[in-house]
Amino acid sequence: MSEVAPAEIREICTNYHHDATRLLDILRAVQARYGYVSSRAIDLLGSELRIPRIEVHSTLSFYAFLSGKPSGRVVIRLCNGVIDEMAGSENVAAALCDELGIQVGQTTPDGLISLQRTSCIGMCDQAPAALINDVVVTELTTDRAREIVRELRRHADPKKLIHRLGDGNNAHQLVQAMVKNNIRREGPIIFSPINRGEALSKALAMTPAEVIRAVKTARLRGRGGAGFPCGLKWEFARAAGGDQRYVICNADEGEPGTFKDRVILTERPDRVFAGMTIAGYAIGASDGILYLRGEYAYLQRYLEHVLEKRRQDGLLGNNIFGRGFNFDIRIQLGAGAYVCGEETGLISSCEGRRGDPKNRPPFPAQKGYLGRPTIVNNVETLACVTKILEIGSAAFCEYGTQGSTGTKLLSISGDCTRPGVYEVPFGLTVTEMLEMVGGQDAIAVQVGGASGQMIGPQEFNRKICFDDLATGGSIMIFGPQRNLLHIVERFLDFFIEESCGYCTPCRVGNVLLRERIHRILDGRGEPEDLSYLQELAETVKLASRCGLGQTSPNPVLSSLKNFRPMYTAAVKESSNGLRRSFNLASAVRLAETITGRKSTAEHV
Ligand SMILES: Cc1cc2nc3c(=O)[nH]c(=O)nc-3n(C[C@H](O)[C@H](O)[C@H](O)COP(=O)(O)O)c2cc1C
Ligand code: SF4
């Protein structure tokens, strides 16, 4: 790695107009140039951007993909998700370690390759997967892992690892990824063919209030998880004062098991960008941001190209369709932080800061990006908006149920024969879903990602929709060979890793929950552990500041409710009256260290 050159740092800052709100992009650019962001680079950035050094450091230290320490020229980030584990990622990790001669978290002595684990990268339908710098490699085997290391030692170029391209636009010259779309069912809303200008032209012929009314009449609910009525959110933003408002499209897609936004952006980006533009017209905004998770950086050049084409065709930029409406979109790349999917964290991240969630109110629709009214909508929600304008609200309402209109994209993975993306009308039962994907022998289904509900066969007659089983799109299927307690523990691992650490219930509570689950898994559980888990999980839900902590105990609570016999069998009273959780050897270890002699513990 070369020495930091002040002129180069200045040039990078100049590319972003010395705008400190673009710090995340600037840090990414510095890291791309030098491999990491050194202490000297932090000093230079602080003085170039006229912000305190601590602010630069604060942002740098928040994101998993940014580093203040040197790492290898090539960084292999192996996905740590539970679905990847089920598909053999532990063996792949062992093969990588063996071939590289290092452990996870280390760099080869020649400084060429670092090996790390990372949270779900959105490839559960083609697991095990890894990111190698920005290049996605999927369907890894131990043999392929060894070959990858050998190839990288030869050319150190992750792009050359792609020997076959994925389907659809994954093969586009600006994408060139081995990622597969795995679209198993195309429905009438999201994946239907698109006429790029139709919806926008219809919207611009209406008043903004009429556009909002159309979205409200379609009863469109947000597809990002919470299901908030889209038209109402827009109305709040339009009603908020001020001269500038913003539209943000949330493509952070970090919930384990979710990968449908990746496929929409690959195959129907125009439908999303048109939705953002219509939203801008409706609320009175002239700027939009697509927040693209860092894991999907491989799509960035292609999406920039789609935006540029829209500008050339008069669908974006100044005086759209000659109707005096100006709107443009920039892409903000994330850097590996699940909590940035939470809308207030997302906004901070777009402002170049740490992605810590904020207290609400004020809600983003009142005070969001740069303190201005802002709407944050999911990729799929905005794609639905475009379709509503294309076909009309009444036609949209013909799909789905009374409370959940339209279709839903499900990203389905785990123990089934046909994992992938399915566009289905709301109201499908879990049994129907399992038949559709070849997962009939499931013993449990996790609906709504790690933060969702774990349900058993007695609930497979329930419907997938907002009024019953809500999901942002993630469905993970577990067959009879799986240990559900282990899966609960792995979900807690995820939340512990991704918590921003601001509030104690989330930062500490999830660790305590995991400890207790681990103890039960280890055969040391006591019957009272179940009430402990229940109470602690409820406390974490209640006392956490943001949606991450408020939903992280869901796997514990739903599995306690739906798989009670599994827990009670694991925490039976011990027959000799001794507490199974008490480990005498470890209890006397400290005393042994202090006194310098062995106690009787070993003989007990
Ligand atoms: C920890 C956390 C992560 C989230 N991640 C996402 C995400 O990746 N994509 C998303 O659209 N919404 C995500 N959300 C929900 C957003 O905060 C927000 O509600 C959503 O983007 C609103 O869009 P919608 O109304 O169109 O659904 C997340 C929420 C939390 C608490
Ligand atoms: S609940 Fe967790 S992620 Fe949310 S603010 Fe608190 S510590 Fe951060």
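Ligands are counted one by one from 1 in listed order, and the atoms in each one are counted from 1 as well.
Between Y338 and ligand 1, a contact under 3.5 Å exists for no N or O pair. Geometrically, ligand 1 and K233 share a nitrogen or oxygen pair separated by less than 3.5 Å. Checked against a 3.5 angstrom limit, the closest N/O atoms of G547 and ligand 1 fall outside it.
Taking each heavy atom of N133 and V75 in turn, the nearest pair found is OD1-N, 2.8 Å.
The shortest side-chain heavy-atom distance between F65 and D134 does not fall under the 4.5 Å cut-off. Considering only heavy atoms from C-beta on, F495 stays 4.5 Å or farther from C506 through its side chain. Considering only heavy atoms from C-beta on, K408 stays 4.5 Å or farther from I464 through its side chain. In this structure, P208 and W234 have side chains that are not in contact, with every pair of non-hydrogen atoms separated by 4.5 Å or more.
The distance from ligand 2 to the heavy atoms of G501 drops below 4.0 Å at these ligand atoms: 7 (S), 8 (Fe). Atom numbering of ligand 2 starts at 1 in the shown order; those under 4.0 Å from a heavy atom of Y502 are 7 (S), 8 (Fe). For ligand 2 and L548, the ligand atoms under 4.0 Å from any heavy atom of the residue are 3 (S). Counting the atoms of ligand 1 from 1 in the order shown, those under 4.0 Å from a heavy atom of E253 are 7 (C), 8 (O). The V376 neighbourhood of ligand 1 comprises atoms 21 (O), 22 (C), 23 (O), with distances under 4.0 Å to a heavy atom of that residue. The contact set between ligand 1 and L548, taken as ligand atoms under 4.0 Å from a residue heavy atom, comprises 1 (C), 31 (C). For ligand 2 and S499, the ligand atoms under 4.0 Å from any heavy atom of the residue are 2 (Fe), 7 (S). Taking a cut-off of under 4.0 Å to the non-hydrogen atoms of G549, the atoms of ligand 2 that pass are 1 (S). In summary, the atoms of ligand 2 found under 4.0 Å from a heavy atom of S544, numbered by their order in the structure, are 1 (S). Residue R223 approaches ligand 1 through these ligand atoms, each under 4.0 Å from one of its heavy atoms: 26 (O), 27 (O).
Atom 29 (C) of ligand 1 has as its closest protein heavy atom E342 CA, 3.7 Å. If you check which protein heavy atom lies closest to atom 4 (Fe) of ligand 2, you get C546 SG, 2.3 Å. The single protein non-hydrogen atom nearest to atom 6 (Fe) of ligand 2 is C503 SG, 2.2 Å, given as residue, atom name and distance. Among all protein heavy atoms, the one lying closest to atom 13 (C) of ligand 1 is G341 O, 3.3 Å. Among all non-hydrogen protein atoms, the one lying nearest atom 2 (Fe) of ligand 2 is C506 SG, 2.4 Å.
Ring geometry, F236 versus F228: the interplanar angle falls from 30° to 60°, so the pair is classed tilted. The aromatic rings of F426 and F466 sit tilted, their planes meeting at an angle between 30° and 60°. Taking the six-membered ring for Trp and thresholds of 30 and 60 degrees, Y296 and Y298 have ring planes more than 60 degrees apart, a perpendicular arrangement.
Side-chain atoms of S192 and K387 include a donor-acceptor pair closer than 3.5 Å. For N195 and E390, the side-chain atoms include no donor-acceptor pair closer than 3.5 Å. For the residue pair Q332/S349, the side-chain donor-acceptor check at 3.5 Å is not satisfied.
With respect to S348, the side-chain hydrogen bond (donor to acceptor under 3.5 Å, both in side chains) criterion is satisfied by exactly one of K358, E342, E343: K358.
At a 4.0 Å cut-off, not a single heavy atom of E255 sits close enough to ligand 1 to count as contact. Ligand 2 is approached by R545 to a heavy-atom distance shorter than 4.0 Å. Proximity of Q550 to ligand 1 is not established, as no heavy-atom distance is less than 4.0 Å. At least one heavy atom of G254 sits under 4.0 Å from some atom of ligand 1.
At a heavy-atom distance under 4.0 Å, only side-chain atoms of T381, from C-beta outward, approach ligand 1. Both the backbone and the side chain of E343 come within 4.0 Å of ligand 1, judged by heavy-atom distances.
The neighbour count for Y502 OH, taken as heavy atoms of other residues, nucleotides or ligands under 6.0 Å away, does not exceed 12. By the 6.0 Å contact criterion, NZ on K202 is enclosed, its count of non-hydrogen atoms from other residues, nucleotides or ligands being greater than 12. Other residues, nucleotides and ligands contribute only 12 or fewer heavy atoms inside 6.0 Å of the CZ atom of R185.
For C500, the nearest N, O or S atom to atom 8 (Fe) of ligand 2 falls under 2.8 Å.
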Between E253 and K260, does a salt bridge (Lys or Arg N to Asp or Glu O under 4.0 Å) hold up when you go through it step by step?
CA-CA 8 Å; E253 191 159 66; K260 47 106 187 166; 5.2 Å; no
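Of the candidates N250, N378, I248, the one placing a heavy atom closest to atom 21 (O) of ligand 1 is N250. Counting heavy atoms only, G224 comes closest to atom 27 (O) of ligand 1 of the residues G122, G345, G224.
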